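To keep things clear, I will list the structure first and then write my remarks on it.
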Amino acid sequence: MGKVQTFKTEVSQLLDLMINSLYSNKDIFLRELVANAADAIDKARFEGLTNAAHNREWAIRIEPDKDNKTLKIIDNGIGMTEDEVIENIGTIAKSGTKAFLKQLEENKNSDVPELIGQFGVGFYSAFMVADKVEIFTQSYKEDAKAVRWSCDGSPEYEMQELEEKRERGTQIVLHLSDDC
Ligand code: ADP
Ligand code: MG
């Protein structure tokens, strides 16, 4: 059992919005998650310029599993440490989150897919199609442990460091909702 932590208020609001209001744009989740995977590979490639050990046969894989109703988006990019998962995904206020909510509030006819990209809240669009999202990630940093993060859309998420090192990079596991 991992540590259970609560999202900042804005993140909870954002999650609620993704799950309950923005459903007409569901398909953008894939664009956002693949964009994140590509960003992670860009960062790793940059590290590879000064340390060839960081280089890989760069790849983003998308794996559907019909039996288990999951979709995995897998990259071999930079990965995240536990602190980075907390900072990038969870507790710390992401500046974009507040601005995104404000913009949406003020302008109900906003182009939502456009806004999601613009305000850097793309990861959460996963919750438009998934009722549970897991992240398995291994940072490129030498001493970093692999991390599992999991959230079922409630304002809490669970996180733990894993004993076993994993292949470097990030695996996003979407447990698809029944209607998706
Ligand atoms: P943005 O991409 O605009 O920063 P997102 O909500 O899409 O906003 O992602 C938030 C952050 O989470 C990213 O900036 C990055 O630091 C981290 N992140 C998301 N997906 C990955 C991934 N596949 N590999 C590494 N880091 C990731
Ligand atoms: Mg993104």
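Start at 1 and go down the list; that is how both ligands and their atoms are numbered. Keep in mind that this is a model prediction, so the values were computed, not measured.
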(message) Checking side-chain hydrogen bond (donor to acceptor under 3.5 Å, both in side chains) between Lys3 and each of Glu161, Glu82, Gln160, which is the one that passes?
(response) Glu82

(message) So which atom in Asp75 and which in Ala40 form the shortest heavy-atom distance, rounded to 0.1 Å?
(response) OD1-CB, 4.0 Å

(request) Between Thr137 and ligand 1, find which residue part has any heavy-atom pair under 4.0 Å and reply side chain, backbone, both or neither. (result) neither

(message) On a heavy-atom basis, which atom in Leu174 and which in Ala126 lie closest, and how many Å separate them?
(response) CD2-CB, 3.6 Å

(request) Would you kindly specify which portion of Thr170 sits under 4.0 Å from ligand 1, judged on non-hydrogen atoms: side chain, backbone, both or neither? (result) side chain

(request) Give the minimum heavy-atom separation between Cys151 and Phe127, together with the two atoms involved. (result) O-CE2, 3.6 Å

(request) Run down the list Tyr140, Tyr124, Phe123 and name the one with the heavy atom closest to atom 6 (O) of ligand 1. (result) Phe123

(message) Distance under 4.0 Å to a non-hydrogen atom of Gly122: what atoms of ligand 1 satisfy this?
(response) 5 (P), 6 (O), 7 (O)

(message) Measuring from atom 27 (C) of ligand 1, which candidate in Met80, Gln171, Glu32 has the nearest non-hydrogen atom?
(response) Met80

(request) Give the numbers and elements of all ligand 1 atoms closer than 4.0 Å to a heavy atom of Val121. (result) 6 (O)

(message) Quick check on contacts: which atoms of ligand 1 are under 4.0 angstrom from a heavy atom of Ile89?
(response) 12 (O)

(message) If we set the cut-off at 4.0 Å for heavy atoms, which region of Asp75 has an atom near ligand 1: side chain, backbone, both, or neither?
(response) side chain

(request) State, to 0.1 Å, how close Leu17 and Phe100 come at their nearest heavy-atom pair, and which atoms those are. (result) CD2-CE2, 4.0 Å

(request) Would you check if the side chain of Glu32 reaches a backbone N or O of Ile116 as a donor-acceptor pair within less than 3.5 Å? (result) no

